[in-house]
Structure formats: structure tokens, C-alpha cells
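Given the structure is predicted, the values throughout are model-derived calculations rather than measurements.
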Amino acid sequence: MEQYDRKRSEENARKAGQLKSIENSIHQIDEEQKNLAARMGKTSSEKLQIMLEEQFELLEAERKKLMNTHEQLKAENSVVLKKLEEELRDLEQNWPRYPFERRITLINFLIKKVVVDVASPHWTRIEVEWLHSDWGCEYIYVFGYHRGQSLWCEEEDLVLIELYGSAPKTDIMRRLPKRTWSSIHVRAQKLKLKRPQGKAGIQLAKGIIIWVFL
């Protein structure tokens with residue numbers, strides 16, 4: 001709880017500092033625009049007026065960006081977290097009613113680190129290390145037909161070039177654990193690699209288990 005409350009206080013102070021800095025910048029721009037407007041009213045030089053107008057427009061564009069950022073930060077700051085003891089006490093009851101932004105804010109405070117790893121073409125391993133040391137680490141495997149897909153790299157292509165025309169499917173898939181056989185076959189076609197018909201494949205007894213996991 002001390003870790004959480006300290007982090008919460010630090011984050012609130014950081015956000016308040018950001019808002020104050022933006023407000024100061026907006027105030028400075030307002031003052032500069034007032035000075036430019038005064039100078040434009042005093043000069044009769046058309047060239048100087050054009051230059052002053054251009055500076056005024058640049059400042060106005062920057063002012064609008066700062067105003068947008070200021071509004072976004074105010075919206076983020078509207079998500080006020082309670083002390084951890086209060087949050088945990090009411091979490092089960094209140095969680096379904098929490099807006100998405102509040103859920104994300106709360107989880108970000110409670111988590112120290114998240115590691116996402118591709119275990120196989122269809123399985124992703126997600127490990128969470130909690131901020132509270134007594135909670136330890138937890139992990140889960142998430143299944144999805146298109147999880148873990150990524151662009152082929154040069155090292156994978158070299159393995160495919162070396163093995164596709166001669167090695168059994170099991171050996172190729174062992175060297176390319178993050179690729180399904182169908183994706184290996186498609187990649188081999190793109191590389192114009194050929195494979196003899198009837199080459200030894202995955203044994204039927206193991207095929208079902210391997211297919212489900214891969």
C-alpha cells in the first residue's frame with residue numbers, strides 16, 4: 001500500500017506540474033501576441049506588418065496545440081484514484097461500472113512490468129509482475145489463430161532455404177517454432193523453393209497435439 005500511495009502521489013504531482021507548465025506557456029503566448037498587436041498598430045511599414053502578422057499566426061497555432069494538450073491532460077486528471085486500501089475493498093463491486101480509462105489507470109498503478117512473448121504461432125504468453133512484491137508474478141497463455149504473426153526475417157529464410165527441400169516437416173518446424181506449416185509452405189513458394197512429394201511429415205500420433213498447440 002505504501003508503494004501504491006507513493007506512486008499515486010508522484011503521478012498526481014507530475015500531472016499537476018505538466019498542467020502548470022502548459023498554462024504558463026499559454027500565458028506567455030498571450031503576452032507576446034498582445035505585444036505584437038501593439039507593434040502592428042504603431043508601424044506604418046507594410047513589410048513589417050506582414051512579418052508581425054506571420055509571427056502572430058505562428059504563435060496562435062502553437063497556442064491552439066497547447067490548449068488541446070491542456071484539455072486532454074485535464075480529462076486524464078479527472079480519473080482520480082483512491083487510496084489502495086479503498087480501491088481494493090470496493091474493487092469487485094465497482095469494477096464492472098468503471099469506465100475503460102479508469103480501469104487502465106488503476107491497472108497501470110498496480111502493475112510493475114508486463115512481458116508479452118510469442119510462444120508459438122497461435123499462442124501468446126503474457127506475464128505480469130505486480131507492484132506489490134507479495135503478489136508475485138502471474139502468467140497466462142492466450143490462444144488465437146492469428147497471434148504471434150510477424151514478418152519473416154533473413155535468418156528464417158536461410159533456415160527455410162537450407163531445410164525445405166530435404167528435411168522432414170518436424171525438423172523444419174522445430175527450427176522455425178513460431179511458424180505454422182501452412183505459413184512455411186507459403187513462404188517457401190514465395191522463395192521459389194520446391195519440396196519432393198511424399199516427404200516424411202508429422203507423425204499421426206503426435207499430430208493432433210502438435211496441431212492444437214501450434
Side-chain angles (χ1 to χ4, degrees), residues 1-88 90-91 94-118 124 126-132 142 144-157 178 190:
M1 292 184 183
E2 291 179 1
Q3 287 177 307
Y4 172 92
D5 290 338
R6 182 170 60 251
K7 185 178 179 182
R8 182 174 67 97
S9 298
E10 291 172 354
E11 185 67 11
N12 288 340
R14 184 187 66 82
K15 290 180 178 179
Q18 284 183 326
L19 281 174
K20 186 65 176 177
S21 176
I22 291 175
E23 288 168 359
N24 289 337
S25 297
I26 293 173
H27 177 71
Q28 290 176 2
I29 290 176
D30 288 339
E31 293 300 317
E32 290 181 40
Q33 286 181 321
K34 289 179 183 178
N35 292 333
L36 288 172
R39 292 176 62 187
M40 282 188 286
K42 293 178 180 179
T43 183
S44 58
S45 170
E46 183 178 352
K47 183 178 180 180
L48 182 57
Q49 282 189 340
I50 293 174
M51 292 175 60
L52 293 173
E53 287 174 1
E54 290 175 350
Q55 292 180 35
F56 190 95
E57 290 174 0
L58 288 173
L59 287 172
E60 183 61 22
E62 181 64 22
R63 184 179 179 278
K64 288 180 179 179
K65 289 181 182 178
L66 289 172
M67 289 296 295
N68 289 335
T69 304
H70 188 268
E71 291 301 315
Q72 291 173 5
L73 284 175
K74 282 183 65 177
E76 292 176 7
N77 289 356
S78 65
V79 181
V80 179
L81 293 178
K82 297 176 286 187
K83 289 188 176 182
L84 182 59
E85 185 177 9
E86 298 172 342
E87 289 284 4
L88 295 180
D90 303 328
L91 189 61
N94 293 337
W95 184 262
R97 298 197 295 269
Y98 280 171
F100 183 74
E101 292 77 11
R102 184 177 181 82
R103 295 186 185 191
I104 292 297
T105 302
L106 179 57
I107 289 174
N108 283 339
F109 270 94
L110 295 177
I111 289 177
K112 183 177 182 180
K113 183 173 66 174
V114 176
V115 178
V116 180
D117 187 32
V118 179
T124 301
I126 303 175
E127 180 179 324
V128 175
E129 181 180 351
W130 294 101
L131 180 66
H132 195 337
V142 182
Y145 282 105
H146 301 291
R147 294 186 189 277
Q149 292 186 350
S150 59
L151 295 176
W152 283 74
C153 63
E154 183 179 356
E155 290 78 5
E156 290 177 312
D157 284 344
K178 297 181 180 180
K190 290 183 178 180

Distance from [X] atom [atom1] to [Y] atom [atom2], nearest 0.5 Å?
X	Y	atom1	atom2	value
F56	K34	CZ	NZ	11.0 Å
H27	E32	NE2	CD	10.5 Å
Q28	S25	CD	OG	5.5 Å
Q49	K42	CD	NZ	13.5 Å
I22	K65	CD1	NZ	13.5 Å
Q72	N68	CD	CG	6.5 Å

Whether [X] side chain and [Y] backbone form a donor-acceptor pair below 3.5 Å:
X	Y	result
R63	D30	no
S21	G17	no
E62	L59	no

Please indicate whether E46 has more than 12 foreign heavy atoms, meaning atoms of other residues, nucleotides or ligands, lying under 6.0 Å from its CD.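 No.
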Take a 6.0 Å sphere around CE of M51 and say whether it holds more than 12 heavy atoms from other residues, nucleotides or ligands.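 Atom CE in M51 is not packed in, count stays at 12 or less.
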How would you list, by chain and number, every residue that makes a side chain to side chain donor-acceptor pair (under 3.5 Å) with R14, sequence neighbours excluded? E11, Q18
Residues two or more places apart in sequence or in another chain: which of them pass side chain to side chain donor-acceptor pair (under 3.5 Å) with E127?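 If we apply the side chain to side chain donor-acceptor pair (under 3.5 Å) test to E127, skipping adjacent residues, the hits are R125.
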Are the side chains of N94 and R97 in touch, meaning some heavy atoms are under 4.5 Å apart? yes
What are the two closest heavy atoms between L36 and L52, and how far apart are they?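 It is CD2-CD2, 3.6 Å.
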